[in-house]
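None of these values were measured; they are calculated from a predicted model. So that the names make sense, note that chain A is the first sequence line, chain B the second, and so on, each numbered from 1.
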Amino acid sequence: MSTLLPDFAEMARALRAGKVSSRELTGDCLARIKRHDSSLNSFISVYPEQALAAADAADKAIASGSAGPLTGIPMAHKDIFCAEGTRTTVGSKMLDNFVSPYDSRVVSGLAAAGMVSVGKTNMDEFAMGSSNETSYFGPVKNPWDLQRSPGGSSGGSAAAVAAGLVPAATGTDTGGSIRQPAALTGLTGLKPTYGRVSRYGMVAFASSLDQAGTLTRSAADAALMLGAMAGFDERDSTCANVPVPDYSATLNDSLQGKTIGVPKEFFDDGLEAGCAQAVQDAIAEYQKLGATVKEVSLPNLAMSVPVYYIVAPAECSSNLSRFDGVRFGYRTESTGDLADMYTRTRSEAFGAEVKRRIMTGAYVLSAGYYDAYYLQAQKVRQLISDDLSRCFAEVDLIIGPTTPTPAFKLGEKMGDPVQMYLNDMYTIAANLAGLPAISVPCGTSQNLPVGLQLIGTQFAEGLLLNCAHQYQQATDWHLRTPEISGGVA
Amino acid sequence: MPLSKQDIDHIARLARLEVAPQEKGDYAEKLSQIIELVEQLGAIDTTGVVPMAHPLDMVQRLRPDSVTETDQRDYLQQNARDTENALYIVPKVIE
Amino acid sequence: MSWEVVIGLEIHAQLATKSKIFSGASTAFGAQPNAQACLVDLGYPGVLPVLNEQAVAMAVKFGVAVGAEITRRSVFARKNYFYPDLPKGYQISQFELPIVGNGQLTIKLEDGTEKVVGITRAHLEEDAGKSLHDIFSDRTGIDLNRAGTPLLEIVSEPDMRSAAEAVTYMRKIHQIVRYLGVCDGSMQEGSFRCDANVSVRPMGQEELGTRTELKNINSFRFVERAINFEIQRQIDLIEDGGTVTQETRLYDPDKDETRSMRSKEEANDYRYFPDPDLLPVVIDDDFIAAIKAELPELPAAKTIRFAESFGLKSAQIETLVGDVDMAAYFEQVVGEGADPRLAANYVLGDLTAALNKDSLEIAVSKISAVDMAGLIKRVMDNTISGKIAKEVFEAMWSGEGSADAVIESRGLKQITDTGAIEAAVDQAIADNPQQVAEFKGGKEKVLGFFVGKVMQLTQGKANPGQVNKLLRDKLSA
């Protein structure tokens, strides 16, 4: 019988009441990982000894009365966050043997809050992918249907939480990499405002888009976790010096008087019927909760995917130049001159999708193409951001689907990168504009979870979590779990 | 504009990547699809639009000029494949 | 055919900050290899740059000093290329919006005329590490201590028309950055470096010739030699029917020649774009006002003040002002009460010679400004003669202490007691009747002979003025 409880609040109560210890919760996670992960492949590394030691420390803190709301709760980190003394692979052969000499802000922040990390989750290589199939460590399976993808790039984190292996996990979202897997696995996935969470120690994919966030069962859990991850960090120039509110304190605010905008462009031909229905039902639920719904328009939305596939590859082509085999990471065995060493190291250790993106980025930045591609993309990015600003002059938040379809089959889109990229058509705009967004489960289609996306203005995480929580108080989609989880919520 | 195998060679070289001869066709085809996708942007009128280099409308914070780092060389060089005499080693570079 | 030479310089001045431009690692010179290369300098996955305030302040200081426009919103960009001493595979630099815009500098040419050289821009960037090719026979070693040291790259317009002009301009920039205290100026340690863009064109032709970029020139002398070699190479090449290739060339001081750099053979496509890890650097009026308020006196103003206050020869002023440390030393000597003209003579004479002999900078002179003033004051109050002062100077230089201590311990105090001098004069006259006769016969020059004799008798300590007067009086009597 599992000791894992439906949410952090109940776990914290049980821990404080002495009904369960962190060692038991952690041990239970480790056992579930052992039992199920051979079929899911959601973890790259598991650290039983370190996890149990951290759990013991948490139990001591609880006994001494110094525990916080997250103390002793097990979780997992996407393998993109550096954690001192442990392997951080970013899903790549390039860093297969890389042991980080330092902690990322996200890792140290959650550890300081008492959360117990059991290991590092699988992901698309360097977070480049929407299906978790580009990982050097093999694809992750969707716990709802092992033939299907859990989405990506935070697919390992999503699968692990959805299958009940851990109650929560961190993720990163560059174009939808938290929200899309959350939608495809029936979880709550929060991508905060760009600059809300420090990027220090998070291996960079596209620096102007990357943002760390959470994959949890509920908005209430996300509120607690974000509180421990967010905040100013002097080591990241792009981290905002904006106070972190108590996100839990506003979860129960009423939605009366709130206006929610529905962009008509979200409901185009690309949206699968079952998904459309689930999202429409959710919008109706918000009206019941007292919100006013209003149609809005994002005329340049269709351009967000093309903009993204210039900006993100451009930044990644430069960010990944540091992987040259000299100071860390993989180095070719073959002997040759310096140019051979570079080329072979990089060609042997990067997968096909990473190479495609690096090459795309090198191309769009290269002499003669910069203005037509990169500069034009940054201009259209501004137009998309302006569209969103115009909407937010009228509405408090924007609502729509997270993905055009529920989980697709593994292998289905791997041969066609553009089809794969279009998966992110609803999620990318928030990254381009740096806005916070959340995906919450809102129904099913083809017996698979469907995600509802809410987008807010900068630093409006409190409102997003409030709206998501109110919806979760009125519905139970977020409590539904796949069979593999054994009913563990 | 579709990319040729020569284009692939050029950008692979810029990026210090090697594409095997038998893979060049596939790379050319897929990169051409991606370029075709992004070329849709050419149709958008952006006259007078200031490029958005960054989502944060903030300015660079400045750090006080003080030495805060200590020597961690031996620890950090554990991650390097080849070091000698405290130096990182690469194949001979001829200037 | 007669040729016109066109030269533009890119000067890299390492800024004299304590820590690096984007990390908290030390910039001190001479540490053990890689001991000052932290996570950020090594380009570790996940680490991020944070800009050093002093680097910005120093760049603005330079801009203000050369009357350049300060860019109110400047942007860092990535310059992408692969090289083992460039850990991230890109250099953080500035491209479209450098922190310092257009400025200019007036230089004085050999013929005494003045020339204005345009400064196109000056931008902040990070230095690369060092590739060491000579330690291992078959491999290259990389030391990343220098990686991330702040650099100000000062780019001139192609306004110079000879190697000598280029060197004059470079010296002037060197003087300014040293005056401002933004760069230690050491060419030996590489904190002040220069690349030269050189081309030639037929006299009268508007269009510029193809240029080559000369790298690795680490002394003023080599700049002149490298450029002159390159000018001749280009002219010979064209006159033999060839064409100049646009390329980077390395100056080899041992062979006194330039050669094509193999590592730079590939035409570079740097793919610059704004660095998304850094935000725009905004400089407001207050920041500039604060910099202006603390701007030190610059060479031009100092030259005028020295002329007005000290009554020195213009050549002396030029040399004193030429080096900020020498000017400061001189002023301190004068401030201690030394006569300015004597001070200038000693600083530019004995002191400079001694410093040169021992290859020392004036900042680490073996005789402090206070002690130097002490020596000059003893000359001024006739305690010692100028000649004895030379001996005292040598003794002070070898560490025997202050002027007073040396005078005391060596018994060099000048004899001003008329009785003692008179006795010596009398003896000299008595000992040399033949010369007395010669003097009386109208041979004035013999006076010098007697002065020498008296000095011999007094071990040089007699006051020369008194000796002269007494000799004249007695010989003419």
Side-chain angles (χ1 to χ4, degrees), chain A residues 80-82 88 90 94-95 98 100-105 126 195 198-204 206-210 233-239 311 314-315 317-329 338-339 341-343 346 361-370 374-375 378, chain C residues 21-24 34 37-52 76-92 95-96 129 131 133 138-144 147 262-263 265-281:
Chain A
I80 197 168
F81 293 102
C82 287
T88 299
V90 204
M94 184 61 87
L95 292 182
F98 175 69
S100 174
Y102 75 107
D103 272 342
S104 60
R105 168 66 179 81
F126 280 96
S198 169
R199 293 187 295 118
Y200 184 80
M202 187 173 113
V203 181
S207 310
S208 79
L209 302 161
D210 295 342
D233 181 358
E234 60 183 19
R235 299 166 299 183
D236 175 3
S237 296
T238 64
C239 185
V311 175
E315 293 182 3
S317 71
S318 176
N319 282 335
L320 270 59
S321 292
R322 70 191 62 205
F323 300 104
D324 59 7
V326 179
R327 297 162 316 285
F328 42 74
L338 181 73
M341 195 276 278
Y342 278 159
T343 304
R346 292 165 59 78
Y363 183 70
V364 298
L365 289 174
S366 63
Y369 296 107
Y370 179 85
Y374 182 80
L375 209 58
Q378 296 290 40
Chain C
I21 183 167
F22 298 119
S23 83
N34 290 305
C38 71
L39 291 170
V40 172
D41 309 323
L42 293 170
Y44 255 72
V47 294
L48 298 163
V50 185
L51 183 58
N52 184 334
F76 281 97
R78 293 185 182 178
K79 179 180 182 180
N80 294 284
Y81 66 95
F82 287 89
Y83 205 71
D85 57 26
L86 185 72
K88 298 185 295 298
Y90 60 84
Q91 179 190 29
I92 305 178
F95 187 53
E96 284 185 336
S131 296
H133 308 299
D138 51 343
R139 294 164 299 156
T140 290
I142 309 294
D143 175 7
L144 296 170
R262 286 180 56 175
S263 56
E265 261 173 18
E266 190 184 336
N268 275 311
D269 181 351
Y270 291 125
R271 289 157 287 142
Y272 279 100
F273 73 105
D275 190 334
D277 287 333
L278 291 160
L279 299 169
V281 180

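Your options are Asn319(A), Asp324(A), Leu338(A), and the one with the most heavy-atom pairs under 4.5 Å with chain C is Asn319(A). Of the listed residues (Ile80(A), Thr238(A), Val90(A), Leu209(A)), the one with the most heavy-atom contacts under 4.5 Å to chain C is Thr238(A). Contacts with chain C were tallied for Ser237(A), Ser100(A), Ser104(A); Ser237(A) has the most, counting heavy-atom pairs under 4.5 Å.
The part of Leu279(C) that comes within reach of chain A is its side chain, from C-beta onward, which places non-hydrogen atoms under 4.5 angstrom from that chain. Residue Arg105(A): no heavy atom, backbone or side chain, is found under 4.5 Å from chain C. Heavy atoms closer than 4.5 Å to chain C are found in both the backbone and the side chain of Ala362(A). Only the backbone of Tyr272(C) comes within less than 4.5 Å of a heavy atom of chain A; no side-chain atom from C-beta onward does. When heavy atoms are compared at a cutoff of 4.5 Å, Phe328(A) approaches chain C solely by way of its side chain, counted from C-beta outward. Interface remark: Phe81(A) contributes no atoms to any contact with chain C (heavy atom separation under 4.5 Å). Residue contact with chain C, scored on non-hydrogen atoms closer than 4.5 Å, involves the backbone and the side chain of Arg199(A) alike. With a 4.5 angstrom heavy-atom cutoff, Glu234(A) touches chain C only via backbone atoms. In this structure, no portion of Tyr369(A) lies under 4.5 Å from any heavy atom of chain C. Within the 4.5 angstrom heavy-atom criterion, no atom of Leu320(A) approaches chain C. Both the backbone and the side chain of Asp277(C) come within less than 4.5 Å of a heavy atom in chain A.
Of all heavy-atom pairs between Gly89(C) and Ser321(A), the closest is CA-CB, 3.7 Å. Across Pro276(C) and Ser207(A), no two heavy atoms sit closer than the pair CG-CB, 3.6 Å. Here the closest heavy-atom approach between residue Arg78(C) and residue Glu315(A) is recorded as NH1-O, 4.1 Å. Considering all non-hydrogen atoms of both residues, Tyr342(A) and Tyr83(C) come closest at OH-C, 3.1 Å. When all heavy atoms are compared, the tightest approach of Tyr370(A) to Pro274(C) is OH-CD, 3.6 Å.
Side-chain N/O atoms of Tyr90(C) and Arg322(A) include a donor and acceptor closer than 3.5 Å.
Of the possible donor and acceptor atoms, none in the side chain of Asn80(C) sits under 3.5 Å from a partner among the backbone N and O of Ser318(A). Judged by distance alone, the side chain of Arg327(A) and the main-chain N or O of Pro87(C) form a donor-acceptor pair under 3.5 Å.
With sequence neighbours excluded, the residues that form a ring-ring contact (aromatic ring centres under 6.0 Å, His included) with Phe273(C) are Tyr374(A).
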